[in-house]
Amino acid sequence: MNFHYELHRRPTRRALARCGCRQLHILDVRAHELTAARAPEWEACRIRYYPAVGRMSICGPAGQYIGWADTLAAAIELLAHADTSQVLPENGLLNGKEPLQ
């Protein structure tokens, strides 16, 4: 999947217009990874495409697992509406380290 091409498709533009204009800014686009910043913290979140699986993984600013999506439009909507205010124990961090208390 080419994220550069997908960003110009109509469903993705609609998803960005519907929920992403004020809440989501796209920072970086690579071959299989898109980095976006969410309001109000404006920390970087990742949408990564896995070609072997054929789906996209969505991760929050602290590495929180948000979910999987089949299309970029669905991934943008999940990211825009996800609650990433805290790291939940079942989500954990991607690097396996827990925050110090």
Side-chain angles (χ1 to χ4, degrees):
M1 172 177 292
N2 185 350
F3 281 142
H4 295 283
Y5 172 73
E6 288 292 320
L7 284 172
H8 293 290
R9 293 187 64 206
R10 178 181 266 178
T12 308
R13 287 193 320 243
R14 277 192 207 153
L16 281 171
R18 202 172 27 239
C19 59
C21 289
R22 293 181 212 109
Q23 297 178 357
L24 197 67
H25 291 284
I26 296 175
L27 300 176
D28 187 25
V29 180
R30 295 187 182 188
H32 294 296
E33 187 171 337
L34 183 133
T35 307
R38 289 189 58 220
E41 308 92 22
W42 300 112
E43 295 181 21
C45 303
R46 288 185 333 153
I47 299 173
R48 180 157 173 77
Y49 177 69
Y50 292 96
V53 181
R55 299 180 81 195
M56 289 172 249
S57 172
I58 303 125
C59 297
Q64 303 101 322
Y65 166 76
I66 294 173
W68 290 87
D70 293 323
T71 64
L72 186 57
I76 288 172
E77 289 180 6
L78 274 174
L79 182 60
H81 296 298
D83 180 23
T84 59
S85 60
Q86 58 185 350
V87 177
L88 301 174
E90 61 267 9
N91 291 344
L93 297 174
L94 288 179
N95 60 7
K97 297 180 181 177
E98 295 297 323
L100 296 174
Q101 296 181 357

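Atom CH2 of W42 is separated from atom CG of L27 by 9.0 Å, given to the nearest 0.5 angstrom. The CG atom of L79 sits 11.0 Å away from atom CD of E77, with the distance rounded to the nearest 0.5 Å. Separating the CG atom in D28 from the CZ atom in F3 is a distance of 11.5 Å, to the nearest 0.5 Å. L7 CG to I26 CD1: the interatomic distance, rounded to the nearest 0.5 Å, is 4.5 Å. I76 contributes atom CD1, which lies 12.0 Å from atom SG of C45 (distance to the nearest 0.5 angstrom). Atom NE2 of residue H25 and atom CG of residue L16 lie 11.0 Å apart, to the nearest 0.5 angstrom.
Residues L34 and R46 have side chains not in contact (no heavy-atom distance under 4.5 Å, counting atoms from C-beta outward). You'll find the side chain of Y49 stays beyond 4.5 Å of the side chain of E6, heavy atoms only. Annotation: side chain of I58 is not in contact with side chain of W68 (no heavy-atom distance under 4.5 Å). The closest side-chain heavy-atom distance from R55 to Y50 is not below 4.5 Å. No side-chain heavy atom of C59 sits less than 4.5 Å from a side-chain heavy atom of Q64.
For the pair D70 and M56, the tightest heavy-atom approach, listed with the atom from each and the gap, is O-CE, 3.6 Å. The minimum heavy-atom distance linking A15 with A73 is given by the pair CB-O, 3.7 Å.
Using a 4.0 Å cut-off between charged nitrogen and carboxylate oxygen, R30 and E33 do not count as a salt-bridge pair. Salt bridge status for E43 with R38: absent, with no side-chain N to carboxylate O gap under 4.0 Å.
Formation of a donor-acceptor pair under 3.5 Å by the R13 side chain with backbone atoms of H8 is found in this model.
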